[in-house]
Structure formats: C-alpha cells, structure tokens
Amino acid sequence: MGYVVPKIRKIFGEWRPPGDKSISHRALMLSALATGESCIRHCLRAGDIHSTLEALRGLGVSIQVDGETAVVRGVGLQGLKNPSHIIDVGNSGTTLRLLSGRLSAQGFSSVLPGDTSLRNRPMGPLIRVLKQMGAQIKAVNECAPISIRACVHPLSAVKVEFPFPSAQFKSALLLAGLYGDGVTEIKEMVNTRDHTERLLKLFGVPVSREEGRIRLEGMRGGNFPARSIEVPGDISAAAFMMTAALLHSDASINIQAVGLNTTRTGFLDIIQMMGAQVAVDPMLQTDPWQEPRGDVSVGSSRLQGVRVSGELTIRAIDEIPLVVLLATQAVGQTLVSDAAVLRYKESDRLRVLARELGQMGASIQETVDGLVIEGPTRLKGGMVRSYHDHRIAMTLVLAGMISDGETEVDEIDSVAISFPGFLEA
Ligand code: S3P
C-alpha cells in the first residue's frame, strides 16, 4: 500500500514512545525460561514482538497480554514443549537468532523458516559457533530456513571472538551458553547493545564483562526465578520523532521515559555533535540491572555535518538512516563509516538510502562501509521505494514531510514491524 505523506504545520507537546523492541524480545524470552510468573510492563506490541510471542506460545509457554502488559508463566530452563510444527518467526531477525541459540540445546528438533526477507539475512557465523558447541543446526546457503536436530548431549561451552558487531549473535550464544558445560566466553570487537546481559543479571544469572569479554557459566540443570521487568520507551522509535522535530521549522517536543542505555544512545550524541537543540534529563535509577531511562526534549535546529565512525556508528546502528536524512539538511559534509552491517538488515540500507534519497535530490555517495552526504539540499517529492524495510519506510515519510511537492512511500504497512503507531504519532 502506498502512503501519501501529509505536510505538518507544527510539532509540539509531550509523547511517550512505545516499549523498546530489543528489550521486549529479550524480556519475553528470558521470562519464558524462568520459573514462575514474570510481569513485563510497557512491552512493545508490534509485528516483530508478535513473532516472539507466538513462537514461545507454540513452545508451550503461556503468555497473557493485556494492553502493554505481558504476564509470562515461565516453564524453567528445561520446560519447553515440542511444538510439533514449524516455528513461524515472520520477519523478525531477533526472534530467529535468539531462538536458534536456545533451541540448539533442546531435546527435540525444530524448524525456523523465516519470511522472504529474513531468508537473505546471514546466519553463517552464528551457525558455525553453535556447531562448535555441539549443536546440530543447518541452514540453506547460510541463511534461514534453519533446522535444528534434537540435542542429546549438553552443549560444550566455547570461547569465541566475533569479527563484526552483532548483539543478536551475542545474545543467541548467551542463551545457548546457559546450557553449556562450563564457561562460555564471547569477545566483542565493538561493544554492542547489552540488554541480554542486563536482563540475565536481573534474573540472577551470573554473567560478567571485562575488557570486552563476556563470560557466562552454564546453569547445569539449575533454574532462575521470575522477575518484574519495566521496559523503557524505544529510543529507536523516539529517534523518528526527534528527527521530525529537528527538521521542522516550528517544533518542540518532550519525549518521556525513553531508554538511555549508553550502548543505544549514539543517536543522541550524533545530533548533539550536529548542533541540535536537545536536552536529556535522566531518571534516578534504583536497580542497577533495570534499564536506564529519562526524558529527552528536542526542538527545531540548524545542523552541521559530522563524522560518524567506530563504536559511535554501532551505538546508533538502527538510527543511521535518520542520521543520513538529517545530514541532507545539515551544512557541510557528513561521513558515516564502519556501517557495513547495514547492508544485511531488512534491506541493504546503505544502497537504498543512497538511491531513494538521491532520487529526491540528496547528494549521497556510497562507500564500502558507509555513505558520504553533502548538505544542505532541498528535497523534492516523488514516488519512493522502501523495500519493505520498516526503518527505511519511516525515514522516507520524514523526508516527504520536508520535501517540495508530494511524496508517496510504497509498502507502508512495514511500519507495523517496529512502530505500529508511527503514522498517527
Ligand atoms: C538488535 C541488534 C541489531 C539491531 C537490530 C536489533 C537486537 O542487529 O540492528 O535492529 O535486538 O539485538 P545486529 O545484532 O544484527 O547488529
């Protein structure tokens, strides 16, 4: 379905973002493996989370959802049931990767097909490590569909070093590591989002991090008890509202209770570097393992070009499309590098951004691992393609808001993957 982008006269007021997607997935998965009833508040309701919910229900976990509250009756580390049918993970990379880790240690076989887009996303590096741990896991050309044979021996703990950043691969290995016969150790080249580690600690599982090495001891048949989890607002969803406000000539918004985990706040650092009018007000935190959160105020701003590389790129990985859009309106050159992983998301985001924003008049050059953007340019409307990628679709809607003439974005229904209320927000 195509969407004709309306022009907006003013952006003003207070807004609470939906629950964080990454944290909602992990809260559901770990609660399912705990013993007893966990209550997850402000859990995201969106397509990807639906995939995790239904997959867990298929594995015998009872989950009741009432509005934004999910109550999960955990079955314990050994309690999942054979679903006796394929597990539909839809379009969700996080569901596919995390479940692949967990089901590698399971005493029954499973098949995770994934939709057409997911079947093009790499699984090879994760599968190789899971095999090293003793899992009998197979893929087609290193991608989904994934089939996993029943595991008859405990997994072996491993020491691994991933040559590229991926929080999903790391989390999948931590879930497999819970069933390992010793200490699983994962070395990250660049720190990625640490929500799994934090939640494991909240559940009382000893996991530690020293000099980029994460260590987790296998539970050897033990269990961990249920907990209450408060999911903060999704900074990745909030970044769309912040971008709308920054680009609009009459905007001032206050975004409430948004997640401020420093492994995710790269976008805030980048817009500050660009000269944005932004203020962050962190909330007092009592439990060190609950996720940090706070309010963020943003208003209309004049921006300048910046350099985004290394860990900063990874801390803003899902927000890079927005950084690129902002850069088209900033004075001077913006250079984004170390972002090659964006080529393996729901679309090749580097290629698609250069092509679609380029078609709207932006000056964007693709490099091997990033983009070079010259600004500012006046964008012109037209028909643009989102390649059924939710973050690209939402970025193009914001581009359409500030362009001359009418913009139509195709396949707008993909926004339901992460931010169903986006068009009404
Ligand atoms: C996510 C990790 C990132 C991110 C994705 C969500 C997660 O992917 O881009 O949207 O929840 O762990 P990678 O692990 O592939 O870097």
Side-chain angles (χ1 to χ4, degrees), residues 18-30 43-44 46-49 51-52 89-102 114 117-118 120-127 129 142-144 160 162-175 186 188-200 214 231-232 234-240 259 261 263-267 291 310-323 336 338-350 352-353 369 389-395 414-415 417-419:
D20 187 276
K21 179 158 87 70
S22 290
I23 300 170
S24 298
H25 278 299
R26 290 157 168 82
L28 289 164
M29 291 221 190
L30 287 175
C43 187
L44 175 64
D48 267 12
I49 298 305
S51 297
T52 288
V89 296
N91 184 248
S92 174
T94 312
T95 315
L96 174 69
R97 273 105 181 223
L98 269 59
L99 270 187
S100 296
R102 167 62 191 86
S117 142
L118 208 45
N120 286 311
R121 297 181 62 187
M123 287 290 286
L126 174 61
I127 288 176
V129 182
E142 303 216 318
C143 295
V160 279
F162 271 124
F164 57 87
S166 172
Q168 292 178 358
F169 287 2
K170 170 181 71 175
S171 302
L173 289 185
L174 288 173
L175 290 185
I186 305 162
E188 287 195 286
M189 309 299 284
V190 180
N191 295 346
T192 61
R193 59 192 71 191
D194 65 356
H195 306 306
T196 307
E197 296 92 304
R198 278 174 181 270
L199 272 173
L200 282 167
I214 301 138
V231 180
D234 194 333
I235 191 159
S236 296
F240 286 95
N261 179 321
T263 61
R264 292 282 299 283
T265 48
F267 182 74
E291 292 276 347
E311 191 154 312
L312 184 56
T313 301
I314 301 308
R315 290 175 52 238
I317 198 67
D318 290 338
E319 291 68 70
I320 295 297
L322 295 171
V323 172
V336 176
D338 301 316
V341 287
L342 286 182
R343 296 198 183 279
Y344 307 101
K345 300 291 176 188
E346 286 81 338
S347 68
D348 175 344
R349 288 186 178 155
L350 297 179
V352 169
L353 286 166
D369 68 345
D389 180 335
H390 53 126
R391 297 199 200 278
I392 294 292
M394 293 188 281
T395 302
S414 67
V415 306
I417 292 287
S418 63
F419 190 174

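When a ligand or atom number is given, it counts from 1 through the structure's own listing order.
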**Student:** With the threshold set at 4.0 Å, does a side-chain nitrogen-carboxylate oxygen contact exist between Lys21 and Asp318?
**Tutor:** no
**Student:** Going by distance only, is there an N or O of Ser22 that falls short of 3.5 Å from an N or O of ligand 1?
**Tutor:**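 It does: an N or O of Ser22 is found under 3.5 Å from an N or O of ligand 1.
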**Student:** If you have a sec, work out which protein heavy atom is nearest atom 3 (C) of ligand 1 and how many Å separate them, to one decimal?
**Tutor:** Lys345 NZ, 3.7 Å
**Student:** Under 3.5 Å, is there a donor-acceptor pair between the Asn191 and Thr263 side chains?
**Tutor:**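 Their side chains do not contain a donor-acceptor pair, so the 3.5 Å distance test is not met.
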**Student:** Would you kindly specify which portion of His195 sits under 4.0 Å from ligand 1, judged on non-hydrogen atoms: side chain, backbone, both or neither?
**Tutor:**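 None of His195 does.
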**Student:** Can you pull out the closest protein heavy atom to atom 1 (C) of ligand 1? Residue, atom name and distance to 0.1 Å, please.
**Tutor:**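 Answer, as residue, atom name and distance: Gln168 NE2, 3.4 Å.
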**Student:** Identify, for atom 12 (O) of ligand 1, the protein heavy atom at the shortest distance, and state residue, atom and that distance.
**Tutor:** Arg26 NH2, 2.5 Å
**Student:** Do Ala167 and ligand 1 have an N or O pair less than 3.5 Å apart?
**Tutor:**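 Yes; at least one N/O pair falls below 3.5 Å.
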**Student:** Closer than 3.5 angstrom, by distance alone: can the side chain of Ser51 be matched with the main-chain N or O of Ser92 as a donor-acceptor pair?
**Tutor:** no
**Student:** Is there side-chain contact between Glu142 and Ile127, with at least one heavy-atom pair below 4.5 Å?
**Tutor:** no
**Student:** In the protein, which heavy atom is nearest to atom 10 (O) of ligand 1, and how far is it?
**Tutor:**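 For atom 10 (O) of ligand 1, the nearest protein heavy atom comes out as Asp318 OD2, 2.8 Å.
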**Student:** More than 12 heavy atoms of other residues, nucleotides or ligands under 6.0 Å from CZ of Phe162: is that the case?
**Tutor:** yes
**Student:** Kindly indicate, with the supporting measurements, whether the criterion salt bridge (charged side-chain N to carboxylate O under 4.0 Å, His left out) is fulfilled by Glu346 and Arg121.
**Tutor:** CA-CA 8 Å; Glu346 286 81 338; Arg121 297 181 62 187; 3.8 Å; yes
